[in-house]
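Numbering of ligands and ligand atoms starts at 1, following listing order.
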Amino acid sequence: MTATIIDGTAVAADIREKIKGRVAELYAATGRKPGLATVLVGEDPASQAYVRMKGKNSVEVGMESFSYKLPATATQEEVEGLVRELNANPAVHGILVQLPLPKHLNEEAILGAISLEKDVDGFHPVNIGRLVMKGRKPLFIPCTPKGCMVLLERSGVPLEGANAVVLGRSNIVGMPMAALLLHANATVTTCHSRSRDLPGICRRADVLVAAVGRPKMVKGDWIKPGAVVIDVGVNRVEDPTAKSGYRLVGDVDFDEVKEVAGMITPVPGGVGPMTIAMLLQNTLDAFERTV
Ligand code: GUN
């Protein structure tokens, strides 16, 4: 049996179309557009590519894009000063500070300086605090885990009572993903590089979310037959046959795992496009709260 491919590109395109329609409707009614500001510190090529895509996609749905680039030597005061400026700018409804930041900067203080109402990444400590607590409502849910949940919902995957395993414990994906699955009444296990018997833990998963940043780490014999596998990994591996000299692979060995799983997201074309669609959705939500 070969797994059904969950087509994130198609789902994201559908969501972007709906956002585009709503942005046009609101523009006709108010003469205003949602504005998304991105802040990139330093020159990391992957981060540059992500920020470029975020700006391009926001313009494509009719939003205003503000792009700020600071040198890798920028000081804490400079970055926080820019964030405060954007907090005060009424044309900006969403602020995204691309991570990771250079090591000398205090990420927690910078993310905490973003106005709660403009925290479209959902990384402000108050939004994260609300996300992990029962019965609280964050203003925004982090984009990548939110995108994974939408893919699971749209694919009709039952989560109530399911064994969900999250491989990876990052602030950006693993931790918020585990919280969202728990709120959906799954039984959640978070595992990581120090966990004993990773293959054994993963084999118990009805739903496996891989977010560790290790190319093709999850093998076919780590998978329960019929399980749903969500691959969040975006790893650049050398490929002399590619024009860029590299290609992207996930954390999951796709060729092996697709022979065992019931459903699987490909890389590229799975979770990646959903992250940006959710960012646009969060920016639209931020704007709608102001009209
Ligand atoms: N770096 C990797 N993923 C993300 C994300 O979703 N948002 C931000 N700001 N930085 C990231």
Compute whether any side-chain donor of one residue and acceptor of the other, for Gln48 and Lys69, lie under 3.5 angstrom apart. no
For Lys224, is there an ion pair with Asp206 - N to carboxylate O distance below 4.0 angstrom? yes
Could you check whether Lys219 pairs with Asp253 (Lys NZ or Arg NE/NH1/NH2 to Asp/Glu carboxylate O, under 4.0 Å)? yes
Can you list, by chain and residue number, every protein residue with a non-hydrogen atom closer than 4.0 Å to ligand 1? Lys54, Leu96, Val97, Gln98, Leu99, Asp121, Phe123, Ile172
Would Ile276 and Met53 satisfy side-chain contact (heavy atoms from CB on, under 4.5 Å), going step by step from the backbone distance to the final call? CA-CA 8 Å; Ile276 299 190; Met53 282 299 286; 3.6 Å; yes
Do His124 side-chain atoms and Gly129 backbone N/O form a donor-acceptor pair below 3.5 Å? no
Give the intermediate values and the outcome of side-chain contact (heavy atoms from CB on, under 4.5 Å) for residues Asn57 and Leu280. CA-CA 8 Å; Asn57 276 260; Leu280 301 176; 4.1 Å; yes
